[in-house]
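All residue numbers in this chain count up from 1 along the given sequence. Just so it is clear, the model here is predicted, and its values are computed rather than measured.
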Amino acid sequence: MRRLAGLLAGCLLLAGCTAAPGAPSAPVTAETAATRETAAPAPTATPEEALSEALGAVKTRRLTVVLNGCIAYEIDSAGGSLKTAIAAADLVVFLAGDFVPEDLAGETQTWQNALDADDQATMDANWPRVYSCARDICEDPAAQQGLLDDAGVTADFGSMDLTEVPAQLDAMNEVLTG
């Protein structure tokens, strides 16, 4: 976790040190020079705030990727049950990890609000089975091992701390089923 935080902080610092390629520079005139001198300096974020913001963005992107996996297939398509198992496993791994947004329900709602009608219909069709499969993985990973093996899932759920995952799934379910 510290390496990731350091990496993100370094990337933020480097991003702030480089100019946008091909960005034209405006000529400095007496008017712009005077404006620069009298304008209040823009507030700058502390390194901790910048890191927190960057980590928040990473968490949101990871949640988006996981939720997009729930609409990447149609439940009645060939291999739908295996694709459901993959989506559920990815969701459980995500929720058991360190990158869950603090406002999981709010971020889930934001993601859902951005769906078009077709993607929302796919989510409505897929979510109940993804949710059920994810709950089953949390309750008894060993009992789901055959399905997970068939789906090509290699995560070791037995070694994960899944105690908080069911509550997180329930919070997401409440948002996604309205």
Side-chain angles (χ1 to χ4, degrees), residues 1-5 7-8 11-12 48-178:
M1 181 69 179
R2 288 185 184 172
R3 278 192 205 159
L4 179 61
L7 178 63
L8 286 172
C11 289
L12 289 172
E48 293 82 15
E49 291 169 336
L51 180 59
S52 177
E53 186 176 315
L55 285 175
V58 168
K59 290 176 181 182
T60 299
R61 277 188 233 116
R62 294 214 39 206
L63 175 63
T64 298
V65 168
V66 169
L67 287 172
N68 284 347
C70 296
I71 60 171
Y73 65 97
E74 293 184 14
I75 197 71
D76 296 328
S77 64
S81 63
L82 298 177
K83 293 172 187 172
T84 297
I86 293 167
D90 287 347
L91 183 58
V92 170
V93 169
F94 170 74
L95 293 173
D98 294 333
F99 288 99
V100 178
E102 289 180 34
D103 183 13
L104 179 61
E107 294 286 342
T108 301
Q109 184 68 62
T110 299
W111 174 83
Q112 185 179 35
N113 290 343
L115 296 178
D116 63 26
D118 290 339
D119 286 342
Q120 183 60 55
T122 301
M123 188 63 171
D124 291 344
N126 293 359
W127 177 251
R129 291 183 188 170
V130 171
Y131 172 70
S132 177
C133 186
R135 295 275 313 180
D136 291 345
I137 292 169
C138 291
E139 289 172 16
D140 190 359
Q144 302 305 311
Q145 197 58 53
L147 174 63
L148 296 171
D149 288 343
D150 289 347
V153 175
T154 60
D156 182 8
F157 294 102
S159 68
M160 292 181 196
D161 179 8
L162 303 177
T163 54
E164 294 181 25
V165 176
Q168 294 168 320
L169 285 167
D170 291 344
M172 294 176 74
N173 186 55
E174 189 172 316
V175 169
L176 294 169
T177 60

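Around atom CD of Glu139, more than 12 heavy atoms belonging to other residues, nucleotides or ligands sit under 6.0 Å away.
Heavy atoms only, all atoms of each residue included: Leu169 and Trp127 are closest at O-CZ2, 4.4 Å. Of all heavy-atom pairs spanning Ala89 and Leu148, the tightest one is CB-CD2, 4.1 Å. Nearest heavy atoms, Thr163 versus Asp161: OG1-OD1, 2.8 Å. The two residues Ala88 and Val130 make their nearest non-hydrogen contact at CB-O, 3.6 Å. Nearest heavy atom pair, residue Leu104 against residue Leu63, reads CD1-CD1, 4.0 Å. Cys133 approaches Leu147 most closely through the heavy-atom pair SG-CD2, 4.2 Å.
Side-chain N/O atoms of Gln144 and Asp140 include no donor and acceptor closer than 3.5 Å.
Looking only at distances, a side-chain donor or acceptor of Lys83 sits under 3.5 Å from a matching main-chain atom of Ala78. Not one N or O on the side chain of Arg62 forms a donor-acceptor pair closer than 3.5 Å with the backbone of Val100. Remark: the backbone N or O of Gly106 is paired with a side-chain donor or acceptor of Thr110 at under 3.5 angstrom. Judged purely by atom type and a 3.5 angstrom limit, Asn126 uses its side chain to pair as donor or acceptor with the backbone of Tyr73.
Interatomic distance, Met172 CE to Cys70 SG, rounded to the nearest 0.5 Å: 7.0 Å. The distance from atom CG of Asp118 to atom CD1 of Ile71, rounded to the nearest 0.5 Å, is 10.5 Å. Between the CE atom in Met123 and the CG atom in Leu67 there is a gap of 5.5 Å [rounded to 0.5 Å]. How far OG1 of Thr122 is from CG of Asp119: 6.0 Å, rounded to the nearest 0.5 Å. One finds the CG atom of Asn68 at 8.0 Å from the CG atom of Leu115 (value rounded to the nearest 0.5 Å). Residue Arg129 holds its CZ atom at 6.5 Å from OG1 of Thr84, rounded to the nearest 0.5 Å.
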Run Val165 and Met160 through side-chain contact (heavy atoms from CB on, under 4.5 Å) and show every step you take.
CA-CA 10 Å; Val165 176; Met160 292 181 196; over 6 Å; no
For Leu91 and Tyr131, run side-chain contact (heavy atoms from CB on, under 4.5 Å): C-alpha distance rounded to whole Å, both residues' side-chain angles, the deciding distance at 0.1 Å, then the answer.
CA-CA 9 Å; Leu91 183 58; Tyr131 172 70; over 6 Å; no
Set out, in order, the CA-CA distance, both residues' side-chain angles and the distance that settles side-chain contact (heavy atoms from CB on, under 4.5 Å) for Glu107 and Thr64, then state yes or no.
CA-CA 9 Å; Glu107 294 286 342; Thr64 298; over 6 Å; no
When you look at Asp90 and Phe94, which way does the side-chain contact (heavy atoms from CB on, under 4.5 Å) test go after all the steps?
CA-CA 6 Å; Asp90 287 347; Phe94 170 74; over 6 Å; no
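Asn173 places none of its side-chain heavy atoms less than 4.5 Å from the side chain of Arg135. Two residues are said to be in side-chain contact when any heavy atoms from C-beta on lie closer than 4.5 Å; Leu162 and Pro141 meet this criterion. Taking 4.5 Å as the limit, every side-chain heavy atom of Glu174 sits out of range of all side-chain heavy atoms of Asp170.
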